[in-house]
Number of protein chains: 2
Amino acid sequence: MPDQQSTLRAHRRAETQRAIQAHAVRLFTERGYDGTTVNDVAEAAGVSPMTVYRHFPTKEDLVLIDQHAQLVADRIAASPATQPLVRRIGGALIESTTTVTGGHGGGDLSTSGQFLLARLRLMISTPALRAKHLDNNYALQQAIVTALGDDTTDPDAAFHAHAAASACLAAMHTALVRWAEDDGRSELPDLIARALTAAFGDDAVQVRSDAR
Amino acid sequence: MPDQQSTLRAHRRAETQRAIQAHAVRLFTERGYDGTTVNDVAEAAGVSPMTVYRHFPTKEDLVLIDQHAQLVADRIAASPATQPLVRRIGGALIESTTTVTGGHGGGDLSTSGQFLLARLRLMISTPALRAKHLDNNYALQQAIVTALGDDTTDPDAAFHAHAAASACLAAMHTALVRWAEDDGRSELPDLIARALTAAFGDDAVQVRSDAR
DNA sequence: TACCAATCTGGTAGTGACTACCACTGAGGT
DNA sequence: ACCTCAGTGGTAGTCACTACCAGATTGGTA
(Lines give C-alpha, C1' and ligand atoms only; values in the text may rest on other atoms or scores of the structure.)
Protein backbone atom coordinates (compact mmCIF):
# COMPACT_ATOMS: atom_id res chain seq x y z
CA MET A 1 0.00 0.00 0.00
CA PRO A 2 1.28 3.46 -0.83
CA ASP A 3 1.43 4.67 2.73
CA GLN A 4 5.16 5.30 2.77
CA GLN A 5 4.99 4.57 -0.91
CA SER A 6 8.36 5.78 -1.96
CA THR A 7 10.38 6.65 1.07
CA LEU A 8 13.31 7.78 -0.96
CA ARG A 9 11.31 10.12 -3.15
CA ALA A 10 9.36 11.60 -0.28
CA HIS A 11 12.50 12.03 1.73
CA ARG A 12 14.32 13.86 -1.04
CA ARG A 13 11.32 16.05 -1.63
CA ALA A 14 11.13 16.96 2.05
CA GLU A 15 14.86 17.62 2.07
CA THR A 16 14.89 20.06 -0.83
CA GLN A 17 11.87 21.76 0.67
CA ARG A 18 13.67 22.18 3.97
CA ALA A 19 16.81 23.44 2.25
CA ILE A 20 14.90 26.01 0.21
CA GLN A 21 13.09 27.29 3.29
CA ALA A 22 16.31 27.51 5.30
CA HIS A 23 18.06 29.54 2.61
CA ALA A 24 14.98 31.72 2.22
CA VAL A 25 14.74 32.60 5.90
CA ARG A 26 18.47 33.27 6.05
CA LEU A 27 18.43 35.56 3.02
CA PHE A 28 15.28 37.36 4.16
CA THR A 29 16.90 37.99 7.53
CA GLU A 30 20.14 39.21 5.97
CA ARG A 31 18.86 41.37 3.12
CA GLY A 32 15.24 41.88 4.09
CA TYR A 33 12.16 40.25 2.63
CA ASP A 34 11.50 42.83 -0.07
CA GLY A 35 15.18 43.05 -0.86
CA THR A 36 15.34 39.36 -1.73
CA THR A 37 13.80 37.95 -4.88
CA VAL A 38 12.55 34.42 -5.29
CA ASN A 39 15.29 33.99 -7.87
CA ASP A 40 17.86 34.84 -5.19
CA VAL A 41 16.43 32.12 -2.97
CA ALA A 42 16.44 29.61 -5.80
CA GLU A 43 20.02 30.41 -6.66
CA ALA A 44 21.14 30.12 -3.03
CA ALA A 45 19.40 26.77 -2.69
CA GLY A 46 20.86 25.54 -5.97
CA VAL A 47 17.55 24.97 -7.72
CA SER A 48 15.61 26.71 -10.43
CA PRO A 49 12.99 29.37 -9.64
CA MET A 50 10.41 26.93 -10.95
CA THR A 51 11.26 24.40 -8.30
CA VAL A 52 10.77 26.96 -5.57
CA TYR A 53 7.25 27.64 -6.77
CA ARG A 54 6.51 23.92 -6.91
CA HIS A 55 7.31 23.54 -3.23
CA PHE A 56 5.95 26.86 -1.98
CA PRO A 57 2.89 28.33 -3.67
CA THR A 58 3.81 31.89 -2.76
CA LYS A 59 6.86 33.79 -1.59
CA GLU A 60 5.20 34.33 1.79
CA ASP A 61 4.84 30.59 2.30
CA LEU A 62 8.63 30.32 2.30
CA VAL A 63 8.39 31.74 5.82
CA LEU A 64 4.88 30.87 6.96
CA ILE A 65 4.43 27.18 6.16
CA ASP A 66 4.21 24.96 9.21
CA GLN A 67 1.89 22.35 10.65
CA HIS A 68 0.87 24.11 13.85
CA ALA A 69 -2.76 24.34 12.79
CA GLN A 70 -3.23 20.59 12.56
CA LEU A 71 -1.71 20.17 16.02
CA VAL A 72 -4.12 22.65 17.55
CA ALA A 73 -7.17 21.24 15.84
CA ASP A 74 -6.34 17.75 17.09
CA ARG A 75 -6.00 18.97 20.66
CA ILE A 76 -9.28 20.82 20.44
CA ALA A 77 -11.14 17.78 19.25
CA ALA A 78 -9.60 15.77 22.10
CA SER A 79 -10.58 18.27 24.81
CA PRO A 80 -13.59 17.60 27.03
CA ALA A 81 -16.69 19.40 25.79
CA THR A 82 -17.80 20.13 29.33
CA GLN A 83 -15.33 22.92 29.89
CA PRO A 84 -16.01 26.52 28.85
CA LEU A 85 -14.98 27.42 25.31
CA VAL A 86 -12.18 29.78 26.17
CA ARG A 87 -10.56 27.22 28.43
CA ARG A 88 -10.81 24.44 25.86
CA ILE A 89 -9.28 26.59 23.14
CA GLY A 90 -6.68 28.23 25.34
CA GLY A 91 -5.62 24.88 26.74
CA ALA A 92 -5.15 23.45 23.26
CA LEU A 93 -3.07 26.43 22.19
CA ILE A 94 -0.82 26.14 25.22
CA GLU A 95 -0.36 22.38 24.88
CA SER A 96 0.40 22.41 21.18
CA THR A 97 2.88 25.23 21.68
CA THR A 98 4.60 23.25 24.39
CA THR A 99 5.00 20.44 21.87
CA VAL A 100 6.46 22.73 19.23
CA THR A 101 8.96 24.60 21.38
CA GLY A 102 9.90 21.46 23.23
CA GLY A 103 10.05 21.48 26.99
CA HIS A 104 13.42 23.18 27.16
CA GLY A 105 14.15 24.76 30.48
CA GLY A 106 14.19 28.50 30.16
CA GLY A 107 17.72 29.09 28.96
CA ASP A 108 18.85 29.00 25.35
CA LEU A 109 16.95 27.57 22.45
CA SER A 110 17.60 24.61 20.25
CA THR A 111 18.40 25.10 16.59
CA SER A 112 14.78 24.56 15.65
CA GLY A 113 13.83 27.13 18.27
CA GLN A 114 16.17 29.68 16.70
CA PHE A 115 14.68 28.92 13.31
CA LEU A 116 11.19 29.43 14.68
CA LEU A 117 12.29 32.69 16.22
CA ALA A 118 13.81 33.93 12.97
CA ARG A 119 10.62 33.12 11.11
CA LEU A 120 8.54 34.82 13.78
CA ARG A 121 10.62 37.98 13.61
CA LEU A 122 10.11 38.12 9.86
CA MET A 123 6.38 37.57 10.28
CA ILE A 124 6.09 40.44 12.72
CA SER A 125 8.26 42.99 10.97
CA THR A 126 7.31 42.40 7.33
CA PRO A 127 3.86 43.73 6.43
CA ALA A 128 3.16 41.19 3.70
CA LEU A 129 4.14 38.29 5.94
CA ARG A 130 2.28 39.66 8.93
CA ALA A 131 -0.89 40.06 6.88
CA LYS A 132 -0.81 36.56 5.49
CA HIS A 133 0.07 35.12 8.88
CA LEU A 134 -2.94 36.82 10.42
CA ASP A 135 -5.06 35.39 7.63
CA ASN A 136 -3.67 31.94 8.40
CA ASN A 137 -4.73 32.52 11.99
CA TYR A 138 -8.19 33.27 10.66
CA ALA A 139 -8.20 29.95 8.82
CA LEU A 140 -7.09 28.29 12.05
CA GLN A 141 -10.03 29.92 13.76
CA GLN A 142 -12.40 28.24 11.31
CA ALA A 143 -10.65 24.93 11.95
CA ILE A 144 -10.96 25.38 15.70
CA VAL A 145 -14.67 26.09 15.51
CA THR A 146 -15.12 22.98 13.40
CA ALA A 147 -13.01 20.91 15.78
CA LEU A 148 -15.04 22.07 18.76
CA GLY A 149 -17.78 19.90 17.36
CA ASP A 150 -20.61 21.82 18.96
CA ASP A 151 -23.80 21.67 17.02
CA THR A 152 -23.33 23.72 13.92
CA THR A 153 -27.01 24.17 13.28
CA ASP A 154 -27.50 26.81 15.96
CA PRO A 155 -26.18 30.10 14.54
CA ASP A 156 -25.90 31.60 18.01
CA ALA A 157 -23.71 28.77 19.24
CA ALA A 158 -21.53 29.11 16.16
CA PHE A 159 -21.26 32.84 16.71
CA HIS A 160 -20.24 32.22 20.31
CA ALA A 161 -17.58 29.75 19.22
CA HIS A 162 -16.17 32.07 16.58
CA ALA A 163 -15.98 34.98 19.00
CA ALA A 164 -14.21 32.90 21.62
CA ALA A 165 -11.79 31.33 19.15
CA SER A 166 -10.85 34.60 17.50
CA ALA A 167 -10.23 36.26 20.84
CA CYS A 168 -8.08 33.36 22.04
CA LEU A 169 -5.99 33.40 18.87
CA ALA A 170 -5.55 37.14 19.16
CA ALA A 171 -4.25 36.70 22.69
CA MET A 172 -1.86 33.99 21.50
CA HIS A 173 -0.57 36.27 18.79
CA THR A 174 0.15 38.90 21.40
CA ALA A 175 2.13 36.30 23.32
CA LEU A 176 4.07 35.37 20.19
CA VAL A 177 5.05 38.99 19.64
CA ARG A 178 6.16 39.31 23.24
CA TRP A 179 8.14 36.08 22.96
CA ALA A 180 9.97 37.38 19.91
CA GLU A 181 10.72 40.66 21.69
CA ASP A 182 12.23 38.60 24.51
CA ASP A 183 14.36 36.77 21.93
CA GLY A 184 12.71 33.55 23.05
CA ARG A 185 14.08 33.77 26.57
CA SER A 186 10.69 33.35 28.22
CA GLU A 187 8.60 30.23 28.16
CA LEU A 188 6.14 30.61 25.32
CA PRO A 189 3.39 28.51 26.93
CA ASP A 190 3.60 30.67 30.05
CA LEU A 191 3.32 33.81 27.96
CA ILE A 192 0.24 32.47 26.22
CA ALA A 193 -1.33 31.64 29.55
CA ARG A 194 -0.58 35.14 30.78
CA ALA A 195 -2.05 36.71 27.65
CA LEU A 196 -5.22 34.67 28.04
CA THR A 197 -5.45 35.69 31.67
CA ALA A 198 -4.90 39.33 30.76
CA ALA A 199 -7.71 39.23 28.24
CA PHE A 200 -10.25 36.99 29.93
CA GLY A 201 -9.48 37.14 33.63
CA ASP A 202 -7.95 34.78 36.12
CA ASP A 203 -10.51 32.04 35.72
CA ALA A 204 -9.89 31.63 32.00
CA VAL A 205 -6.81 29.49 32.30
CA GLN A 206 -6.71 26.21 34.10
CA VAL A 207 -4.59 26.13 37.24
CA ARG A 208 -1.24 24.81 36.21
CA SER A 209 1.61 23.09 37.96
CA ASP A 210 3.18 26.54 38.31
CA ALA A 211 6.65 25.58 37.13
CA ARG A 212 7.97 29.10 37.58
CA MET B 1 -3.72 80.11 6.30
CA PRO B 2 -3.72 76.91 4.26
CA ASP B 3 -6.26 75.12 6.36
CA GLN B 4 -8.90 74.89 3.66
CA GLN B 5 -6.17 76.09 1.37
CA SER B 6 -7.83 75.43 -1.93
CA THR B 7 -11.33 74.21 -1.44
CA LEU B 8 -11.82 73.61 -5.11
CA ARG B 9 -8.68 71.54 -5.49
CA ALA B 10 -9.26 69.49 -2.36
CA HIS B 11 -12.86 68.92 -3.31
CA ARG B 12 -12.00 67.69 -6.79
CA ARG B 13 -9.36 65.43 -5.39
CA ALA B 14 -11.79 63.91 -2.90
CA GLU B 15 -14.36 63.53 -5.64
CA THR B 16 -12.13 61.60 -8.06
CA GLN B 17 -10.98 59.44 -5.16
CA ARG B 18 -14.56 58.63 -4.26
CA ALA B 19 -15.44 57.93 -7.88
CA ILE B 20 -12.49 55.58 -8.36
CA GLN B 21 -13.34 53.66 -5.21
CA ALA B 22 -17.00 53.37 -6.16
CA HIS B 23 -16.18 51.98 -9.58
CA ALA B 24 -13.60 49.64 -8.05
CA VAL B 25 -15.99 48.12 -5.52
CA ARG B 26 -18.65 47.75 -8.18
CA LEU B 27 -16.32 46.00 -10.62
CA PHE B 28 -14.80 43.78 -7.92
CA THR B 29 -18.29 42.72 -6.89
CA GLU B 30 -19.38 42.06 -10.46
CA ARG B 31 -16.31 40.32 -11.88
CA GLY B 32 -14.42 39.35 -8.76
CA TYR B 33 -11.34 40.97 -7.27
CA ASP B 34 -8.78 38.85 -9.09
CA GLY B 35 -10.78 39.06 -12.29
CA THR B 36 -10.54 42.83 -12.33
CA THR B 37 -7.32 44.65 -13.14
CA VAL B 38 -6.39 48.08 -11.94
CA ASN B 39 -6.50 49.14 -15.57
CA ASP B 40 -10.14 48.08 -15.71
CA VAL B 41 -10.89 50.23 -12.70
CA ALA B 42 -9.06 53.18 -14.20
CA GLU B 43 -10.91 52.85 -17.47
CA ALA B 44 -14.29 52.59 -15.74
CA ALA B 45 -13.52 55.69 -13.68
CA GLY B 46 -12.29 57.54 -16.75
CA VAL B 47 -8.77 58.14 -15.48
CA SER B 48 -5.36 56.74 -16.26
CA PRO B 49 -3.92 53.78 -14.31
CA MET B 50 -1.32 56.20 -12.96
CA THR B 51 -3.99 58.30 -11.30
CA VAL B 52 -5.42 55.28 -9.53
CA TYR B 53 -2.05 54.55 -7.98
CA ARG B 54 -1.69 58.19 -6.97
CA HIS B 55 -4.87 57.98 -4.89
CA PHE B 56 -4.60 54.40 -3.65
CA PRO B 57 -1.16 53.01 -2.90
CA THR B 58 -2.22 49.42 -3.56
CA LYS B 59 -5.07 47.61 -5.25
CA GLU B 60 -6.25 46.37 -1.86
CA ASP B 61 -6.63 49.92 -0.59
CA LEU B 62 -9.30 50.49 -3.23
CA VAL B 63 -11.53 48.48 -0.92
CA LEU B 64 -9.97 48.85 2.50
CA ILE B 65 -9.33 52.56 2.94
CA ASP B 66 -11.51 54.21 5.56
CA GLN B 67 -11.16 56.36 8.65
CA HIS B 68 -12.59 53.99 11.22
CA ALA B 69 -9.28 53.68 13.05
CA GLN B 70 -9.07 57.37 13.89
CA LEU B 71 -12.61 57.30 15.22
CA VAL B 72 -11.86 54.41 17.54
CA ALA B 73 -8.61 55.87 18.82
CA ASP B 74 -10.33 59.14 19.66
CA ARG B 75 -13.04 57.35 21.63
CA ILE B 76 -10.47 55.32 23.51
CA ALA B 77 -8.55 58.38 24.56
CA ALA B 78 -11.79 59.97 25.72
CA SER B 79 -12.85 56.98 27.82
CA PRO B 80 -12.41 57.03 31.60
CA ALA B 81 -9.23 55.26 32.67
CA THR B 82 -10.92 53.84 35.74
CA GLN B 83 -12.85 51.18 33.86
CA PRO B 84 -11.36 47.77 33.02
CA LEU B 85 -9.48 47.58 29.72
CA VAL B 86 -11.88 45.32 27.91
CA ARG B 87 -14.81 47.57 28.73
CA ARG B 88 -12.99 50.72 27.65
CA ILE B 89 -11.97 49.20 24.34
CA GLY B 90 -15.23 47.39 23.69
CA GLY B 91 -17.21 50.52 24.45
CA ALA B 92 -15.15 52.56 22.02
CA LEU B 93 -15.62 49.97 19.29
CA ILE B 94 -19.37 49.91 19.78
CA GLU B 95 -19.71 53.68 19.88
CA SER B 96 -17.60 54.36 16.82
CA THR B 97 -19.48 51.69 14.92
CA THR B 98 -22.76 53.30 15.87
CA THR B 99 -21.44 56.52 14.37
CA VAL B 100 -20.42 54.84 11.13
CA THR B 101 -23.55 52.83 10.49
CA GLY B 102 -25.73 55.69 11.62
CA GLY B 103 -28.56 55.03 14.05
CA HIS B 104 -30.88 53.61 11.46
CA GLY B 105 -33.76 51.63 12.84
CA GLY B 106 -33.29 47.99 12.01
CA GLY B 107 -34.79 47.82 8.56
CA ASP B 108 -32.97 48.63 5.34
CA LEU B 109 -29.66 50.35 5.00
CA SER B 110 -28.75 53.69 3.58
CA THR B 111 -26.64 53.92 0.45
CA SER B 112 -23.50 54.32 2.50
CA GLY B 113 -24.52 51.27 4.50
CA GLN B 114 -24.87 49.23 1.30
CA PHE B 115 -21.46 50.44 0.20
CA LEU B 116 -19.97 49.42 3.55
CA LEU B 117 -21.62 46.04 3.23
CA ALA B 118 -20.27 45.51 -0.28
CA ARG B 119 -16.76 46.38 0.88
CA LEU B 120 -17.10 44.08 3.87
CA ARG B 121 -18.22 41.17 1.72
CA LEU B 122 -15.17 41.64 -0.50
CA MET B 123 -12.90 41.82 2.55
CA ILE B 124 -14.25 38.56 3.90
CA SER B 125 -14.34 36.53 0.72
CA THR B 126 -11.11 37.66 -0.98
CA PRO B 127 -7.97 36.24 0.64
CA ALA B 128 -5.72 39.17 -0.28
CA LEU B 129 -8.20 41.70 1.06
CA ARG B 130 -8.93 39.69 4.17
CA ALA B 131 -5.23 39.41 4.98
CA LYS B 132 -4.54 43.09 4.57
CA HIS B 133 -7.68 43.98 6.50
CA LEU B 134 -6.56 41.83 9.40
CA ASP B 135 -3.21 43.55 9.27
CA ASN B 136 -4.97 46.91 9.39
CA ASN B 137 -6.75 45.64 12.49
CA TYR B 138 -3.34 44.87 13.93
CA ALA B 139 -2.26 48.44 13.26
CA LEU B 140 -5.44 49.60 14.96
CA GLN B 141 -4.50 47.48 17.94
CA GLN B 142 -1.23 49.39 18.25
CA ALA B 143 -3.14 52.65 18.00
CA ILE B 144 -5.58 51.55 20.68
CA VAL B 145 -2.81 50.61 23.08
CA THR B 146 -1.22 54.00 22.52
CA ALA B 147 -4.53 55.77 22.99
CA LEU B 148 -5.17 53.96 26.26
CA GLY B 149 -2.38 56.10 27.61
CA ASP B 150 -1.43 53.75 30.40
CA ASP B 151 2.15 54.02 31.42
CA THR B 152 4.19 52.56 28.64
CA THR B 153 7.24 51.95 30.76
CA ASP B 154 5.84 48.86 32.44
CA PRO B 155 6.17 45.99 29.97
CA ASP B 156 3.61 43.93 31.85
CA ALA B 157 1.01 46.66 31.62
CA ALA B 158 1.71 47.03 27.91
CA PHE B 159 1.41 43.28 27.44
CA HIS B 160 -1.91 43.34 29.25
CA ALA B 161 -3.17 46.16 27.06
CA HIS B 162 -2.09 44.44 23.85
CA ALA B 163 -3.74 41.17 24.86
CA ALA B 164 -7.01 42.89 25.72
CA ALA B 165 -7.02 45.05 22.60
CA SER B 166 -6.27 42.20 20.24
CA ALA B 167 -8.97 40.02 21.77
CA CYS B 168 -11.53 42.82 21.56
CA LEU B 169 -10.72 43.50 17.91
CA ALA B 170 -10.97 39.80 17.14
CA ALA B 171 -14.42 39.71 18.69
CA MET B 172 -15.42 42.76 16.66
CA HIS B 173 -14.22 41.09 13.49
CA THR B 174 -16.40 38.10 14.30
CA ALA B 175 -19.33 40.47 14.64
CA LEU B 176 -18.52 42.07 11.29
CA VAL B 177 -18.55 38.69 9.59
CA ARG B 178 -21.87 37.84 11.17
CA TRP B 179 -23.28 41.21 10.14
CA ALA B 180 -22.29 40.60 6.54
CA GLU B 181 -23.84 37.13 6.65
CA ASP B 182 -27.05 38.77 7.83
CA ASP B 183 -26.82 41.19 4.88
CA GLY B 184 -26.72 44.03 7.38
CA ARG B 185 -30.16 43.30 8.74
CA SER B 186 -29.03 43.18 12.37
CA GLU B 187 -27.74 46.09 14.35
CA LEU B 188 -23.97 46.02 14.12
CA PRO B 189 -23.36 47.61 17.55
CA ASP B 190 -25.58 44.97 19.13
CA LEU B 191 -23.67 42.21 17.36
CA ILE B 192 -20.37 43.60 18.61
CA ALA B 193 -21.72 43.72 22.13
CA ARG B 194 -22.87 40.12 21.82
CA ALA B 195 -19.49 39.01 20.47
CA LEU B 196 -17.71 40.72 23.35
CA THR B 197 -20.08 39.08 25.80
CA ALA B 198 -19.54 35.70 24.17
CA ALA B 199 -15.79 36.02 24.49
CA PHE B 200 -15.39 37.75 27.82
CA GLY B 201 -18.56 37.01 29.75
CA ASP B 202 -21.57 39.03 30.77
CA ASP B 203 -19.70 41.59 32.80
CA ALA B 204 -17.51 42.70 29.90
CA VAL B 205 -20.03 44.98 28.26
CA GLN B 206 -21.61 47.91 29.96
CA VAL B 207 -25.37 47.78 30.43
CA ARG B 208 -26.89 49.80 27.64
CA SER B 209 -29.95 51.92 27.24
CA ASP B 210 -31.40 49.06 25.18
CA ALA B 211 -32.66 51.25 22.34
CA ARG B 212 -34.26 48.32 20.55
C1' DT C 1 15.90 -6.81 -18.09
C1' DA C 2 13.07 -3.87 -20.66
C1' DC C 3 9.11 -0.98 -20.32
C1' DC C 4 5.64 2.21 -18.51
C1' DA C 5 3.88 5.55 -15.65
C1' DA C 6 4.19 9.05 -12.48
C1' DT C 7 6.72 12.42 -10.42
C1' DC C 8 10.35 15.98 -10.23
C1' DT C 9 12.57 19.38 -12.54
C1' DG C 10 13.75 23.17 -15.91
C1' DG C 11 12.78 26.63 -19.76
C1' DT C 12 9.85 30.11 -22.20
C1' DA C 13 6.64 33.38 -22.60
C1' DG C 14 3.44 35.52 -20.85
C1' DT C 15 0.01 38.61 -17.21
C1' DG C 16 -0.50 41.97 -13.77
C1' DA C 17 0.77 44.85 -9.73
C1' DC C 18 3.69 48.35 -8.80
C1' DT C 19 7.69 51.90 -9.35
C1' DA C 20 10.93 55.04 -11.02
C1' DC C 21 11.61 58.95 -14.35
C1' DC C 22 9.99 62.56 -17.19
C1' DA C 23 6.67 65.85 -19.43
C1' DC C 24 2.30 68.48 -19.67
C1' DT C 25 -1.58 71.10 -17.85
C1' DG C 26 -4.16 74.09 -15.09
C1' DA C 27 -5.32 76.34 -10.65
C1' DG C 28 -3.61 79.75 -6.75
C1' DG C 29 -1.34 83.36 -5.21
C1' DT C 30 1.97 87.37 -6.21
C1' DA D 1 0.86 88.46 -16.62
C1' DC D 2 4.00 85.31 -14.12
C1' DC D 3 5.53 81.55 -11.23
C1' DT D 4 4.83 77.58 -8.57
C1' DC D 5 3.25 73.32 -7.78
C1' DA D 6 -0.19 69.83 -7.26
C1' DG D 7 -2.51 66.71 -10.37
C1' DT D 8 -2.33 63.87 -14.32
C1' DG D 9 -0.49 60.94 -18.10
C1' DG D 10 3.13 58.09 -20.67
C1' DT D 11 7.11 54.78 -20.92
C1' DA D 12 9.87 51.40 -19.48
C1' DG D 13 11.22 48.43 -16.17
C1' DT D 14 11.15 44.91 -11.92
C1' DC D 15 9.15 41.11 -9.77
C1' DA D 16 5.69 37.65 -8.22
C1' DC D 17 3.31 34.25 -10.33
C1' DT D 18 1.16 31.14 -14.12
C1' DA D 19 0.27 28.37 -18.07
C1' DC D 20 2.41 25.27 -21.43
C1' DC D 21 5.82 22.21 -22.79
C1' DA D 22 10.03 19.12 -22.55
C1' DG D 23 13.59 16.21 -20.44
C1' DA D 24 15.09 13.27 -16.56
C1' DT D 25 14.71 10.13 -12.74
C1' DT D 26 12.42 6.85 -9.93
C1' DG D 27 9.03 2.72 -8.82
C1' DG D 28 6.62 -0.78 -10.11
C1' DT D 29 5.57 -4.20 -13.86
C1' DA D 30 5.56 -7.55 -17.94
Side-chain angles (χ1 to χ4, degrees), chain A residues 1-21 23-25 27-28 31-65 122 126-133 135, chain B residues 1-21 23-24 27-28 31-65 122 126-132 135:
Chain A
M1 301 323 166
D3 181 20
Q4 199 76 325
Q5 76 164 27
S6 49
T7 320
L8 196 147
R9 220 172 231 180
H11 182 263
R12 294 219 340 191
R13 178 172 179 82
E15 185 54 31
T16 58
Q17 190 155 341
R18 199 204 54 74
I20 292 173
Q21 192 180 35
H23 282 286
V25 171
L27 288 178
F28 291 162
R31 314 181 195 169
Y33 180 78
D34 294 323
T36 310
T37 70
V38 174
N39 281 28
D40 293 340
V41 174
E43 194 177 355
V47 296
S48 83
M50 291 297 309
T51 304
V52 176
Y53 283 114
R54 302 224 190 259
H55 287 270
F56 301 89
T58 71
K59 186 183 179 186
E60 289 105 8
D61 288 317
L62 284 167
V63 176
L64 298 179
I65 277 188
L122 287 169
T126 308
L129 292 173
R130 192 176 53 218
K132 186 143 184 176
H133 173 246
D135 194 48
Chain B
M1 302 329 158
D3 180 20
Q4 200 77 325
Q5 75 165 29
S6 47
T7 319
L8 196 149
R9 223 175 229 179
H11 182 263
R12 296 224 335 193
R13 179 173 178 80
E15 186 53 31
T16 59
Q17 190 154 341
R18 199 204 54 75
I20 292 173
Q21 194 180 33
H23 282 285
L27 289 178
F28 291 161
R31 314 181 194 169
Y33 180 79
D34 294 323
T36 309
T37 70
V38 175
N39 282 28
D40 292 341
V41 174
E43 194 177 355
V47 296
S48 83
M50 293 297 310
T51 303
V52 176
Y53 283 115
R54 293 265 154 71
H55 287 271
F56 301 89
T58 70
K59 185 183 179 184
E60 288 104 8
D61 288 316
L62 284 167
V63 176
L64 298 179
I65 277 188
L122 286 169
T126 309
L129 292 173
R130 193 175 52 218
K132 185 140 187 179
D135 194 47

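Letters A, B, ... mirror the listed sequences (proteins, then strands); counts begin at 1.
Put simply, NE2 on B:His55 and CE on B:Met50 are 11.0 Å apart, with the number rounded to the nearest 0.5 Å. For the atom pair B:Glu43 CD and B:Leu27 CG, the distance stands at 10.0 Å (nearest 0.5 Å).
If you find the closest nucleotide of DNA chain C to A:Ser48 and to B:Thr36, the one lying nearer the 5' end belongs to A:Ser48. Residues A:Val38 and A:Arg54 each lie close to DNA chain D; by heavy-atom proximity, the contact nearer the 5' end of the strand is made by A:Val38.
Atom CD in B:Glu15 sits about 15 Å away from atom P in D:dG7, given to the nearest Å. When the P atom of C:dA17 is taken as reference, atom CG of B:Leu129 falls 12 Å away, rounded to whole Å. Spacing between atom CE of B:Met50 and atom P of D:dA12 amounts to 14 Å, rounded to whole angstrom units. Separating the CD1 atom of B:Ile20 from the C1' atom of D:dG7 is a distance of 11 Å, rounded to the nearest angstrom. In this structure, the CG atom of A:Asp40 is 14 Å from the P atom of D:dC17, given to the nearest Å. One atom, CG of A:Asp34, and another, P of C:dC18, lie 12 Å apart when rounded to the nearest Å. Put simply, CZ on A:Phe56 is 16 Å from C1' on D:dA16, counting in whole angstrom units. Following rounding to the nearest Å, B:Tyr53 (OH) and C:dC18 (C1') show an atom-to-atom distance of 5 Å.
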query: Do B:Glu15 and B:Arg18 pass the salt bridge (Lys or Arg N to Asp or Glu O under 4.0 Å) test, and can you show the C-alpha distance, the side-chain angles, and the key distance before you say yes or no?
result: CA-CA 5 Å; B:Glu15 186 53 31; B:Arg18 199 204 54 75; 3.2 Å; yes
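Distances from the side chain of B:Lys59 to the nucleotides C:dC18, D:dT26, D:dC17 place C:dC18 closest. Candidate nucleotides D:dA16, D:dC17, C:dG16 were compared by shortest atom distance to the side chain of A:Thr37, and D:dA16 ranks first.
Taking 4.0 angstrom as the limit, A:His55 places none of its side-chain polar atoms (N or O) nearer than this to OP1 or OP2 of C:dC8. Residue B:Arg13 places none of its side-chain N or O atoms closer than 4.0 Å to OP1 or OP2 of D:dA6.
Between the side chain of A:Tyr33 and the main chain of A:Pro127, no donor-acceptor pair closer than 3.5 Å is present.
When each of A:Val63, A:Val38, A:Leu62, A:Val41 is checked for a side chain to side chain contact (heavy atoms under 4.5 Å, CB included) with A:Phe56, only A:Leu62 meets the rule.
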